[in-house]
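Structure record follows, encoded as structure tokens.
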Amino acid sequence: MQIARIIEISKFKDQEVTIQGWLYNKRSSGKLRFLQIRDGSGTIQAVVFKGDVSDPVFQVCDELTQESSVVVSGIVAADKRSSLGFELQVRDIQIQQIAKEYPISPKEHGTAFLMDHRHLWLRSSKQHTILKVRHALIRASRDFFDGQGFTLVDAPIFTPAACEGTTTLFETDYFGEKAYLTQSGQLYMEAAAMAVGKAYCFGPTFRAEKSKTRRHLTEFWMIEPEVAYMDLDGDMDLAENFVAFIVQRVLESCQEELKVLERDITILEKIKTPFPRISYDEAVKIIHDKGLEFEYGNDFGAPDETAISENFDTPILVHRYPAAIKAFYMKKDPADQTKALCVDMLAPEGVGEIIGGGQREDDLDVLLAGIKKHNLPVEAFNWYLDLRKYGSVPHSGFGLGIERTVGWITGITHVRETIPFPRMMQRLTP
RNA sequence: UGGGGCGUAGCAUAGUUGGCAAUGCGCCUGGCUGUUAACCAGGAUACCGUAGGUUCAAGUCCUACCGCCCCAGCCA
């Protein structure tokens with residue numbers, strides 16, 4: 001007997017197959033039993049007619065509880081009444097395990113309850129669909145960089161000091177010394193770029209900020225490319241090509257998923273390069289023209305980002321922020337020393353920042369002065385300064401937050417649903 | 001860390017001027033040969049977030065505490 005996955009059930013029309021899965025829901029009608037079986041690839045209705053199976057097999061249907069694991073064999077039959085187009089005419093059922101009373105019923109629940117049962121909630125169609133899109137997006141990201149000659153270089157998780165010094169870090173005891181969980185792989189990618197030319201990393205990053213918004217996690221995943229001999233313009237080219245590529249790939253490979261998530265894909269279909277590029281000064285003008293209160297020189301808040309991005313229906317690149325509000329490693333604009341050669345990508349629909357990056361300071365003395373100005377411990381950055389002693393070159397890169405990007409593409413407004421097991425200020429379990 | 005909101009059965013909620021704690025889902029029992037979050041009949045299930053207080057009487061009023069949600073700051 002062939003074992004079939006539901007996603008490719010059409011290949012087995014009129015054949016007898018076995019489905020290995022779980023009971024999602026069931027209904028009954030006299031001598032008929034309707035079992036909704038899911039196997040992780042899809043859901044199919046298995047129809048059990050009393051005349052087609054032995055009495056014990058028919059009785060088993062009434063013992064099955066929600067999420068019981070079952071192996072069901074039957075004939076794959078085309079049926080117009082099925083949303084899948086096919087249903088299974090059951091011949092045999094084997095119980096793997098009868099589930100205890102399942103906490104998540106197919107009705108409404110609150111987010112807190114569902115998050116407490118995140119390990120089970122992942123089985124529900126919407127959540128498992130989001131995971132599929134996340135996977136597609138990660139695979140597209142790797143394909144993009146791999147296809148352009150980048151080398152994947154893994155960055156460490158334990159780090160001796162802050163990368164940026166501005167944000168709060170998680171501190172750990174490292175054999176009697178202090179170590180911190182990384183907040184970015186960037187500094188290590190700069191070293192990697194000097195070794196391989198084009199490097200990227202993909203891994204978890206940690207921020208101990210006490211943020212409780214729908215855009216924040218304490219543990220999130222970033223993909224961070226870094227390229228030697230690339231300036232800010234090249235960085236913006238790379239960023240927009242990358243984002244356009246992954247959106248296109250998700251549109252192609254996740255049509256069903258986006259339908260389940262009820263995502264309006266016409267918005268995503270409009271995404272084409274080049275993206276609008278506006279300077280910080282121009283962005284401030286947009287905010288002021290809309291009558292919002294904003295002090296020139298500050299960083300943008302969430303409402304400011306929304307105001308800027310709602311003028312456009314694709315992501316936009318905002319460049320050259322005031323150097324004073326940016327990290328020490330940002331190179332200053334030769335045309336205006338008060339500005340940094342940095343760029344943020346703001347996604348439309350009020351999603352906000354999904355990319356932050358820019359051109360790095362490549363001059364040893366300027367960088368050293370920056371470290372001191374930010375009151376960072378110079379010793380911890382000696383290895384990083386070496387990169388400016390031994391064949392320093394202009395170089396640029398950026399970091400893209402996976403969860404925010406998945407949220408934007410799927411239309412899920414809270415990042416806690418775009419990562420399998422979110423870590424937030426108020427949540428460490430499951 | 002500020003501003004706002006919410007804690008009642010396994011889940012989602014209602015609960016009026018303080019007076020026997022209710023409804024839907026899920027669960028259990030039974031019925032139906034085409035159900036689509038099926039339907040019909042019956043049944044079980046509550047330390048009303050915690051601790052005090054006011055009162056003849058508190059889910060309801062008062063005080064403190066705990067937990068959660070939303071928004072903001074910080075950021076990807």
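Residue numbers start from 1 in every chain, and the chains themselves are labelled A, B, ... in the order their sequence lines are given, proteins ahead of strands. These values consider heavy atoms only, across backbone and side chains, with no hydrogens, waters or symmetry-generated copies.
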Distance, rounded to the nearest Å, where A:I402 contributes CD1 and B:rA76 contributes P: 14 Å
Residues A:D281 and A:S279: side-chain donor-acceptor under 3.5 angstrom: no
Flag, side chain of A:N241 to backbone of A:D237, donor-acceptor distance under 3.5 Å: yes
Nearest-Å distance once atom P is located in both B:rG24 and B:rG19: 23 Å
With rounding to the closest Å, how many angstrom separate the P atoms on B:rU1 and B:rC39? 47 Å
With the six-membered base ring of B:rG34 as reference, does the ring of A:F34 sit under 5.5 Å away with planes under 30° apart? no
A:R214 side-chain proximity, nearest of B:rC68, B:rC71, B:rU33: B:rC71
Counting the atoms with a prime plus P, OP1 and OP2 as sugar-phosphate, which does A:G352 contact under 4.0 Å by heavy atoms, base, sugar-phosphate, or nothing? nothing
Using the P atom as the point on both nucleotides, what is the distance between B:rU16 and B:rC62, in whole Å? 14 Å
Identify whether any heavy atom of A:G301 sits under 4.0 Å from a base atom; if not, whether one sits that close to sugar-phosphate; answer base, sugar-phosphate or nothing. sugar-phosphate
For the residue pair A:F113 and A:W121, is the inter-centroid distance of their aromatic rings smaller than 6.0 Å? no
Is A:H117 near enough to B:rG10 that one of its side-chain N or O atoms lies under 4.0 angstrom from OP1 or OP2? no
When rounded to the nearest Å, what value does the distance between P atoms of B:rA58 and B:rA21 take? 11 Å
Do A:F242 and A:L400 pass the side chain to side chain contact (heavy atoms under 4.5 Å, CB included) test, and can you show the C-alpha distance, the side-chain angles, and the key distance before you say yes or no? CA-CA 10 Å; A:F242 170 49; A:L400 173 132; 3.8 Å; yes
Mind checking A:Q45 for me? I need base, sugar-phosphate or nothing, with any heavy atom below 4.0 Å counting as a touch. base
Rounding to an integer number of angstrom, what distance separates B:rU35 and B:rU29 when you compare their P atoms? 24 Å
Nearest atoms (heavy-atom pairs only) where A:Q148 meets A:K198: O-NZ, 2.9 Å
Whole-Å distance separating the CD atom of A:Q89 from the P atom of B:rU33: 18 Å
Round to a whole Å and report the spacing from OH of A:Y321 to P of B:rC75. 11 Å
Specify the separation, in whole Å, of atom CD of A:Q186 and atom P of B:rA76. 10 Å
On RNA chain B, nearest-nucleotide positions of A:E87 versus A:S28: which is more 5'? A:E87
Start with the C-alpha gap between A:R263 and A:E257, add the side-chain angles, then the distance that decides, and say whether salt bridge (Lys or Arg N to Asp or Glu O under 4.0 Å) holds. CA-CA 9 Å; A:R263 180 66 166 119; A:E257 285 80 2; over 6 Å; no
Distance between the C1' atoms of B:rC70 and B:rU17, in whole angstroms? 32 Å
Check whether the ring centres of A:F144 and A:F150 lie less than 6.0 Å apart, and answer yes or no. no
Do A:L238 and A:P225 come close enough that some side-chain heavy atom pair is under 4.5 Å? yes
Counting the atoms with a prime plus P, OP1 and OP2 as sugar-phosphate, which does A:I355 contact under 4.0 Å by heavy atoms, base, sugar-phosphate, or nothing? sugar-phosphate
Find the distance A:H109:NE2 to B:rC68:P and express it as a whole number of Å. 21 Å
Using a 4.0 Å heavy-atom cut-off across all strands, classify A:F49 as base, sugar-phosphate, or nothing. base
Can you tell me how far P of B:rC69 sits from CE of A:M115, to the nearest Å? 9 Å
B:rC69 and B:rG49, which share atom name C1', separated by this distance in whole Å: 15 Å
Nearest whole Å is fine: how far is B:rC69 C1' from A:R427 CZ? 11 Å
Basic-acidic side-chain contact under 4.0 Å: A:E8, A:R5: no
Between B:rG18 and B:rG26, how far apart are the C1' atoms? Round to whole Å, please. 33 Å
Once you round it to whole Å, what is the distance between C1' of B:rG73 and CE of A:M425? 12 Å
Hey, which of these two, A:D62 or A:K212, hits RNA chain B nearer its 5' end, going by closest nucleotide? A:D62
Output field dot_bracket for RNA chain B (Watson-Crick or G-U, both distances under 3.5 Å, | for other-strand pairs) contains (((((((..((((.....[..)))).(((((.......))))).....(((((..]....))))))))))))....
